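First the structure, in the form of structure tokens, and then the observations on it.
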Amino acid sequence: MGLKTGDFPPVDPATFLATPYQERIKILSRHWVDYGFGTPKITALTYIARLFFPFMIGGIVLNSLTSGISPLDVGQWWNEPIFYQKAILWILLLESIGYGGSWGPLSGHFEPKTGGFRYWAKPRTIRLAPWPGKVPFTSGDERTVFDTLLYMVYIAVLAVALVLPGVSSSSLDSVVGADNHGLVAPGLAIAVGVLLVLNGLRDKVIFVGARGEQYLPALVFFGFFPFVDMIVAAKILIVSVWVGAGVSKLGHHVSMVIPPMMSNTPWLTSIRVKRMNYRNFPDDLRPSRLGTSVAHVGGTLVEIVTPFVLLFSTNMTSTVIAIGVMLLFHLVITSTFPLATPLEWNVLFMYLTVFLFAGFPAGGGFAVSDMHGGLLALTLVGLLFFPVLGNLRPDLVSFLPSMRQYAGNWATGFWAMAPGAEAKLNEHIVKSAPMTYDQLSATYGPEVSEVVLHQILGWRSLHSQGRGLNSVMIKTLGDDINHYTLREAEFSCNAVVAFNFGDGHLHSPQLIEAIQKRCNFAPGEFVVVWIESEPIFGGRQQYLVVDAAIGIVERGSYAVRDAIVEQPWLPNGPIATEVHWHLHGYERISHPKVASANPAATGVADPDIVNSTDAVDA
């Protein structure tokens with residue numbers, strides 16, 4: 001891998017699509033083991049530069065100067081309460097305009113690299129209300145001028161809260177003395193929270209894109225809680241995020257997350273080390289004992305045990321050690337450049353860990369027992385409600401409010417489009433960027449672009465859901481799978497509504513219905529396989545088959561254990577599925593290959609395969 005040249009799969013793009021679909025997955029899943037996405041190093045450098053400026057340097061300068069603090073005096077601002085509050089507001093602003101997670105090429109935004117405000121401030125783009133028809137004034141799926149104004153008012157008030165100096169607080173003065181820089185005006189914090197909720201009720205994509213499940217509770221604490229209670233509640237909030245993620249890893253899925261994540265790590269150049277995370281490359285790409293141990297010891301154990309040490313320990317030595325563990329935890333995640341690219345979030349959590357637990361330790365009057373009993377009860381109920389419900393009923397709560405970060409237990413989907421049908425997504429949907437395929441084609445041409453997007457299918461196949469998605473899709477499409485255009489729904493969703501971050505609830509049948517209203521696909525022209533997260537210890541995952549022109553045509557499930565024992569390319573055929581319901585009389589209409597120079601539109605290529613699987617194995 002060079003600075004500007006990536007590690008492209010060992011295929012001839014002009015002939016790649018002539019291979020059977022499962023063979024393509026076999027080639028690309030093996031390639032992912034050694035090279036990940038294969039992006040050039042300049043991509044990682046771009047993310048690093050963006051992380052340091054504007055996020056870190058820009059945030060330090062802005063947050064300190066607007067609080068009356070010198071940005072060069074680290075000893076003054078690192079544990080200053082208003083700096084902490086503005087750090088939350090700063091990342092909330094960046095996330096809310098699309099400059100945080102799900103940004104750039106590692107999330108499917110190639111050109112332009114930013115989604116966010118380009119969509120959310122643009123009338124007639126698609127919006128997805130969380131409870132349309134149930135919450136008044138939220139029905140419909142088209143962004144109006146009112147929606148864009150509501151969004152811009154939210155951004156403006158958020159910016160005002162960020163730049164205005166602090167106001168005096170008697171609860172702060174009573175704890176740290178009168179020599180302080182105050183706190184963010186409670187009224188402004190409340191206003192930001194209210195506007196975030198209102199935008200979220202009109203379009204859940206904005207709420208999820210702003211990471212509302214992470215920062216809305218903090219805004220509530222800023223607005224209503226006395227200082228000591230605010231700090232302790234903030235500790236409980238970050239602990240709930242960690243422990244929620246740790247508990248969600250108590251299953252089979254997370255073991256299959258770490259190996260492909262490590263394979264995509266730009267600084268890890270040793271192919272031998274990457275292969276150690278898999279059982280027996282190239283024939284067995286299930287996670288090895290090493291990969292499983294890293295997932296459950298470095299992930300599950302650390303995220304469940306260490307946060308409780310931080311929350312309850314009054315011994316400063318134990319606290320400092322636990323802080324070091326969590327700093328290393330987030331540093332490792334950041335260094336792997338995961339595809340959803342939550343880099344700023346991880347860096348913020350590193351700062352929050354130091355600020356909350358070193359700056360205001362439990363032994364210094366900031367223990368859980370120092371919090372007002374009523375506020376403690378409200379905080380616990382508020383922070384536990386969605387994670388508990390989301391693990392028991394994942395169909396009701398997306399994985400982000402459920403606090404299932406990096407768990408591998410996500411709602412996911414594949415889109416399958418008949419030859420030429422993908423063009424309708426650009427022709428009929430108002431959005432601020434073309435579909436991912438077209439973004440790539442403008443620079444690299446159609447053939448290379450198709451291979452690159454197939455790499456994401458290969459990546460997904462390394463996860464447990466990939467086996468399920470491919471199994472249902474193969475059964476649904478039959479031989480048509482070899483010439484239909486297949487897309488990972490997460491990347492496509494990013495192009496349609498600006499954001500995804502792995503949240504399959506953003507490309508559920510609700511989005512497909514909105515797309516169909518605009519594109520009017522014929523029956524069988526746009527078929528979706530969608531899988532819901534596994535309820536905690538449930539053992540099975542539910543799937544849907546959606547024909548965009550008709551709606552849901554099949555519901556079923558499969559055993560998670562059947563998925564995790566198979567190889568990514570399903571050499572033994574699709575895993576067993578149980579059909580719970582099938583639309584009476586429905587038979588999918590097959591759309592044949594068509595003559596075209598564009599292999600993405602036709603699925604037709606020269607039958608002479610230049611790079612065989614044997615060549616890849618060698």
Side-chain angles (χ1 to χ4, degrees), residues 4-9 13-14 16-17 28 36-40 42-47 50 97-122 124-126 205 209 264 337-341 413-417 419-460 485-502 506-507 511 515 518-519 526 596-603:
K4 294 186 177 181
T5 57
D7 288 300
F8 194 73
F16 177 68
L17 288 182
L28 295 181
F37 207 169
T39 52
I42 195 171
T43 299
L45 294 177
T46 300
Y47 277 97
R50 188 180 64 101
I97 64 175
Y99 207 66
S102 201
W103 178 91
L106 292 181
S107 295
H109 292 293
F110 292 93
E111 192 58 44
K113 294 180 174 62
T114 303
F117 73 93
R118 295 176 181 271
Y119 289 70
W120 303 333
K122 184 183 181 70
R124 298 183 58 219
T125 51
I126 291 176
V205 182
N264 195 47
F337 292 81
L339 289 192
T341 61
F414 279 175
W415 294 3
M417 289 164 280
E422 189 174 32
K424 291 185 178 182
L425 298 174
N426 286 328
E427 294 170 4
H428 302 292
I429 298 177
V430 175
K431 45 194 174 60
S432 294
M435 296 305 295
T436 313
Y437 166 78
D438 300 278
Q439 295 178 39
L440 284 166
S441 294
T443 302
Y444 301 106
E447 295 169 343
V448 170
S449 301
E450 192 62 36
V451 176
V452 170
L453 291 182
H454 265 73
Q455 287 183 269
I456 307 303
L457 299 173
W459 164 78
R460 182 66 76 187
T485 298
L486 265 70
R487 297 285 182 253
E488 158 62 46
E490 181 176 342
F491 267 38
S492 297
C493 178
N494 274 333
V496 175
V497 298
F499 182 87
N500 189 271
F501 202 79
L506 300 186
H507 54 75
L511 176 61
I515 290 174
R518 291 155 175 80
C519 297
F526 183 17
S596 171
N598 181 356
T602 67

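When a residue number appears, it is its place in the shown sequence, counting from 1. Bear in mind that the values here come from a model prediction, so they are computed numbers and not experimental data.
When all heavy atoms are compared, the tightest approach of L511 to L506 is CD2-O, 3.4 Å. Nearest heavy atom pair, residue A495 against residue K431, reads O-CD, 3.4 Å. Between A433 and P112, the closest heavy-atom pair is CB-CD, 3.7 Å. Taking every heavy atom of both residues into account, P446 and Y437 meet most closely at CB-OH, 2.9 Å. Of all non-hydrogen atoms in S441 and S449, the two that sit nearest each other are N-OG, 3.0 Å. When all heavy atoms are compared, the tightest approach of W120 to A498 is NE1-CB, 3.9 Å.
In this structure, CZ on F37 lies 7.0 Å from CG on L339, to the nearest 0.5 angstrom. Here the straight-line distance linking atom CZ of R487 with atom CG of L453 works out to 4.5 Å at 0.5 Å rounding. Between I97 atom CD1 and R118 atom CZ the span is 10.5 Å, to the nearest 0.5 Å. If you take OG on S492 and CE on M417, they are separated by 5.5 Å, rounding to the nearest 0.5 Å. Going from atom CG of L486 over to atom NE2 of H454 covers 6.5 Å, rounded to the nearest 0.5 Å. Annotation: the span from F337 atom CZ to T39 atom OG1 amounts to 9.0 Å, rounded to 0.5 Å.
A salt bridge is defined here as a Lys NZ or Arg NE, NH1 or NH2 lying under 4.0 Å from an Asp or Glu carboxylate O, and E111 with K113 meets this definition.
Looking only at side-chain heavy atoms (C-beta outward), T436 and F110 come within less than 4.5 Å of each other. M435 places none of its side-chain heavy atoms less than 4.5 Å from the side chain of I429. Contact of the L440 side chain with the V448 side chain is not registered, since no non-hydrogen atoms from C-beta on lie closer than 4.5 Å.
Side-chain atoms of S102 and N494 include a donor-acceptor pair closer than 3.5 Å.
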*For Q455 and V452, what are the C-alpha separation, side-chain angles and deciding distance, and is it a side chain to side chain contact (heavy atoms under 4.5 Å, CB included)?*
CA-CA 5 Å; Q455 287 183 269; V452 170; 4.0 Å; yes
*Please step through side chain to side chain contact (heavy atoms under 4.5 Å, CB included) for the pair F526 and K424, ending with a clear verdict.*
CA-CA 10 Å; F526 183 17; K424 291 185 178 182; over 6 Å; no
*asked:* Pair S107, N500 - check side chain to side chain contact (heavy atoms under 4.5 Å, CB included), show working.
replied: CA-CA 8 Å; S107 295; N500 189 271; over 6 Å; no
*Quick one: do R518 and E427 satisfy salt bridge (charged side-chain N to carboxylate O under 4.0 Å, His left out)? Show the steps, please.*
CA-CA 9 Å; R518 291 155 175 80; E427 294 170 4; over 6 Å; no
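Other residues, nucleotides and ligands contribute over 12 non-hydrogen atoms within 6.0 Å of the CZ atom of F8. For R124, the CZ atom counts as loosely surrounded, since its 6.0 Å shell holds 12 or fewer non-hydrogen atoms of other residues, nucleotides or ligands.
In this pair, Y99 and W103 present their aromatic rings perpendicular. The plane angle is above 60°, beyond the 30 to 60° band.
The closest donor-acceptor contact from the side chain of E488 to the backbone of L457 lies at 3.5 Å or more, if one exists at all.
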